[in-house]
Number of protein chains: 2
Amino acid sequence: MLAIGTLAKRTGTKVQTIRYYEQIGLLPEPGRTEGGQRRYGDTDLDRLAFIRHARQLGFTLEATRELLDLSDNPDRSCAEVDVIAHRQLKEVEVRISRLEALRKELKRMLRECSRDTVSDCRVLEVLRDHSACLANHDKGV
Amino acid sequence: MLAIGTLAKRTGTKVQTIRYYEQIGLLPEPGRTEGGQRRYGDTDLDRLAFIRHARQLGFTLEATRELLDLSDNPDRSCAEVDVIAHRQLKEVEVRISRLEALRKELKRMLRECSRDTVSDCRVLEVLRDHSACLANHDKGV
DNA sequence: GCTTGAACCTCTACCCACTGTAGCTTGTAA
DNA sequence: TTACAAGCTACAGTGGGTAGAGGTTCAAGC
Ligand SMILES: [Zn+2]
Ligand SMILES: [Zn+2]
Ligand SMILES: [Zn+2]
Ligand SMILES: [Zn+2]
């Protein structure tokens with residue numbers, strides 16, 4: 001049986017985060033020692049590793065919860081899993097294209113800057129005057 | 001003079017957000033009517049437009065605050081501005097490369113999935129077993 | 001001038017996904 | 001036995017807003 005600190009180290013999680021996951025019902029309440037300290041088994045280790053990996057891949061805790069639920073029912077079709085993963089993929093792709101637009105505009109601003117006084121700064125100029133900006137913020141990209 | 005709702009519409013900001021910016025000292029306290037309602041001038045309009053544009057380009061409110069301060073001192077060198085913008089560019093680039101790694105791995109997971117039962121689902125398999133994953137989460141990429 | 005109702009006001013709580021702190025108790029190795 | 005690392009609970013705070021309750025003010029139409 002593992003103490004919470006050991007579990008934390010093995011999964012690269014902070015102790016508080018583990019207690020937080022328990023609090024929101026993502027991890028089951030573990031057994032306790034006489035003195036009230038949490039003790040974990042291998043099932044908990046696997047479950048927490050799963051959660052951490054899902055988080056590293058950008059899934060929300062809610063999506064992670066759904067994935068865990070599905071993972072607990074091995075006979076069901078994996079279509080639902082794939083829907084969640086696909087949704088996450090779309091999400092990531094939207095964020096990428098948004099960030100690429102920002103990257104482009106930031107680079108342009110910096111390239112065009114005269115590096116003189118603030119009053120001539122192209123960066124501030126663009127910030128003040130949206131029409132000098134090539135990014136389409138309105139369209140969410 | 002503009003009421004808060006008009007200012008909100010003109011800048012594409014929610015009314016609550018404007019009050020929030022005032023609360024954190026990003027917008028100055030405006031004049032009020034006899035009855036206590038806020039009234040804004042063109043200076044406020046420009047300042048809020050600047051803030052919104054900086055936000056759309058991904059700058060944090062803290063960075064935006066620094067940019068506003070610099071913008072108020074037209075005689076200073078724009079080097080500081082460029083440092084902030086450059087920092088933001090780096091930030092954006094880090095986020096992009098992280099997201100691209102996720103994108104790649106999500107696509108791979110989905111491509112390899114047999115679309116059968118949950119027990120055979122490649123997506124869940126990868127989530128359960130990090131060694132089946134090609135993304136390097138450890139290195140922050 | 002009066003009525004109506006949209007828009008304003010303050011205050012509080014909530015979102016996500018944690019993280020940090022204070023003040024106390026327990027477990028374990030020397 | 002003692003020292004102290006590691007555990008415990010409870011609560012506050014992060015960023016960047018957003019939502020709602022419950023009350024007040026403004027302005028247009030009559
Ligand atoms: Zn500049
Ligand atoms: Zn722009
Ligand atoms: Zn699958
Ligand atoms: Zn991975």
Side-chain angles (χ1 to χ4, degrees), chain A residues 1-27 29-40 44 47-48 50-68 87-88 91-92 95 98 102 137 140, chain B residues 1-27 29-40 44 47-48 50-68 87-88 91-92 95 98 102 137 140:
Chain A
M1 298 301 259
L2 309 169
I4 197 169
T6 317
L7 183 66
K9 248 171 225 152
R10 293 252 186 109
T11 56
T13 315
K14 303 227 163 169
V15 167
Q16 296 103 305
T17 305
I18 297 175
R19 291 198 279 246
Y20 169 71
Y21 287 162
E22 179 186 330
Q23 198 191 315
I24 62 169
L26 209 55
L27 284 175
E29 289 185 29
R32 300 265 186 159
T33 62
E34 300 256 307
Q37 298 197 358
R38 292 168 178 82
R39 288 296 179 267
Y40 296 93
D44 299 304
R47 194 172 174 92
L48 181 54
F50 185 105
I51 293 169
R52 293 311 290 172
H53 201 192
R55 293 290 301 127
Q56 286 178 318
L57 283 163
F59 290 95
T60 64
L61 287 182
E62 258 322 292
T64 304
R65 196 193 295 274
E66 292 177 57
L67 290 168
L68 280 166
R87 195 170 69 204
Q88 172 62 12
E91 186 70 36
V92 166
R95 272 194 267 163
R98 196 169 300 183
L102 299 192
H137 313 298
Chain B
M1 299 301 260
L2 309 169
I4 196 168
T6 316
L7 183 66
K9 246 171 227 152
R10 294 252 185 108
T11 55
T13 316
K14 304 227 165 172
V15 167
Q16 297 102 304
T17 305
I18 297 175
R19 291 199 278 246
Y20 169 71
Y21 288 163
E22 179 186 330
Q23 198 191 313
I24 62 169
L26 209 56
L27 284 176
E29 289 185 29
R32 301 263 185 160
T33 62
E34 299 256 306
Q37 299 197 358
R38 292 167 178 82
R39 287 298 179 266
Y40 296 94
D44 300 304
R47 193 173 175 93
L48 181 53
F50 185 105
I51 294 169
R52 294 311 289 172
H53 200 193
R55 293 291 300 128
Q56 286 177 318
L57 283 162
F59 290 95
T60 63
L61 287 181
E62 258 323 291
T64 305
R65 196 193 296 274
E66 292 178 56
L67 290 168
L68 279 166
R87 196 170 70 205
Q88 172 62 11
E91 185 68 38
V92 166
R95 273 194 266 163
R98 196 169 300 181
L102 300 191
H137 311 298

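Letters A, B, ... mirror the listed sequences (proteins, then strands); counts begin at 1.
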Partners meeting salt bridge (Lys or Arg N to Asp or Glu O under 4.0 Å) with B:R65 (sequence neighbours left out):
B:E62
Could you tabulate the donor-acceptor pairs under 3.5 Å formed by side-chain atoms of residues 1-13 of chain B, not counting sequence neighbours?
residue	atom	partner	partner atom	Å
B:T11	OG1	B:L7	O	2.8
B:T11	OG1	B:A8	O	3.4
B:T11	OG1	B:T13	OG1	2.8
B:T13	OG1	B:T11	O	3.4

Contact state string [nucleotides 14-19 of chain D, B base, S sugar-phosphate only, - no protein heavy atom under 4.0 Å]:
--BBSB
Distances for protein N/O vs nucleotides 23-25 of chain D N/O pairs under 3.5 angstrom?
none

Okay, side chain of B:E29, backbone of B:E22: is any donor-acceptor separation there less than 3.5 Å?
no
Want to know the stems of DNA chain C: at least 3 consecutive Watson-Crick or G-U pairs with distances under 3.5 Å, which are they?
C:1-30 with D:1-30
Residues in side-chain contact (heavy atoms from CB on, under 4.5 Å) with B:K14, at least two apart?
B:Q16, B:T17
Atom CD in A:Q56, atom CZ in B:R98: separation rounded to 0.5 Å?
10.5 Å
Does any N or O in the side chain of A:Q37 come within less than 3.5 Å of the main-chain N or O of A:R32, such that one atom is a donor and the other an acceptor?
no
Output all residues satisfying side-chain hydrogen bond (donor to acceptor under 3.5 Å, both in side chains) with A:Y21, sequence neighbours left out; order by chain, then residue number.
A:R52
Please confirm whether the backbone N or O of B:R19 pairs with a side-chain atom of B:R38, one donor and one acceptor, at under 3.5 Å?
no
Assign A:R19 to base, sugar-phosphate, or nothing according to its heavy-atom contacts below 4.0 angstrom with the strands shown.
base
Inter-residue atom distance A:L27.CG - A:F50.CZ, 0.5 Å rounding:
12.0 Å
With a strict under 4.0 Å distance from non-hydrogen atoms of chain A, what nucleotide opens and what nucleotide closes the contacted stretch of DNA chain C, reading 5' to 3'?
C:dA17 to C:dG27
DNA chain C: 5'-proximal contact among A:R39 and B:R39 (nearest heavy atom):
B:R39
With A:R39, which residues qualify under salt bridge (Lys or Arg N to Asp or Glu O under 4.0 Å), at least two apart?
none
Using the salt bridge (Lys or Arg N to Asp or Glu O under 4.0 Å) criterion, which residues pair with A:E91? Sequence neighbours excluded.
none
d(CG, A:L7; P, D:dA6) in whole Å
15 Å
If the condition is salt bridge (Lys or Arg N to Asp or Glu O under 4.0 Å), which residues does A:R55 pass it with, not counting sequence neighbours?
none
Length of the line joining A:L2:CG and D:dA6:P, which is rounded to integer Å
15 Å
What distance do A:R87 atom CZ and A:F59 atom CZ have between them, rounded to the nearest 0.5 Å?
9.0 Å
So what does B:I4 hit on the nucleic acid, given a heavy-atom distance under 4.0 Å: a base, only sugar-phosphate, or nothing?
sugar-phosphate
